[in-house]
Amino acid sequence: MLLSIAVLGILIGLIWHIHIALMPAFSAIPVAILLAKKFPSKPEVIKFTVALFITTLPLFIFELKHGFQQTINLIVNFFTPRVGATGWYKFQTVVEMIGKNINNLFFAPHSINQTSYLVLPLAILICGFWLIKKRL
């Protein structure tokens, strides 16, 4: 685990440079650590922190040079009220778009009908739960 946690620090640091939208995927890491019950030791955590700091340093320097514009805009974005679809309609739209993307990924250039858009994401979720149940 020693190498993997340091590499994880490098990857997380570099992901910021690619696109911030990729960061939510890293929320699975603490869950995986808790489920595996393999907690990193203090030296591993220190190596992770150093690797994260070194790979994120160019972003900090850029932000410092430009008056932290990106960071301020990110924080403001979280607190700006949004206008548009909410609730069930937004959920339905997201599920339809996921189904459309899955359809394009697996069945393009052919297409299935729109009523199957809901079936594909549900099938993937069911497969995921089945794999968890089988502990694969």
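Closest heavy-atom contact between Thr71 and Glu63: OG1-OE1, 2.9 Å. Residues Ala51 and Ala6 share a closest heavy-atom pair of CB-O, 3.5 Å. The two residues Ile10 and Thr55 come nearest to each other via the heavy atoms O-OG1, 3.7 Å.
Summarising the geometry, atom OG1 belonging to Thr56 is positioned 11.0 Å from atom CD1 belonging to Ile61; distances are rounded to the nearest 0.5 Å. Once rounded to the nearest 0.5 Å, the distance linking CG of Leu64 with NE2 of His66 reads 10.5 Å. Here the straight-line distance linking atom CD1 of Ile5 with atom CG of Leu52 works out to 10.5 Å at 0.5 Å rounding. Rounding to the nearest 0.5 angstrom, the gap separating the CD1 atom in Ile132 from the SG atom in Cys127 is 11.5 Å. Note that the CZ atom of Phe48 and the CG atom of Leu8 stand 5.0 Å from one another [nearest 0.5 Å]. The CG atom of Leu131 sits 12.0 Å away from atom CD1 of Ile126, with the distance rounded to the nearest 0.5 Å.
Note on Phe39: it does not cluster hydrophobically with Val45, by side-chain heavy-atom contacts below 4.5 Å among ILVMFWY residues. Follow the hydrophobic side-chain contacts under 4.5 Å out from Phe60 and you never reach Leu74; the two are in separate clusters. In the hydrophobic cluster analysis, where Ile, Leu, Val, Met, Phe, Trp and Tyr join through side-chain heavy atoms closer than 4.5 angstrom, Phe68 is grouped apart from Ile75. Clustering ILVMFWY residues whenever any of their side-chain heavy atoms sit less than 4.5 angstrom apart, transitively, puts Ile15 in the very cluster that holds Leu59.
Within 6.0 Å of the CZ atom in Phe26, the count of heavy atoms belonging to other residues, nucleotides or ligands exceeds 12.
The side chain to side chain donor-acceptor pair (under 3.5 Å) test applied to Gln69 returns no partner, not counting sequence neighbours.
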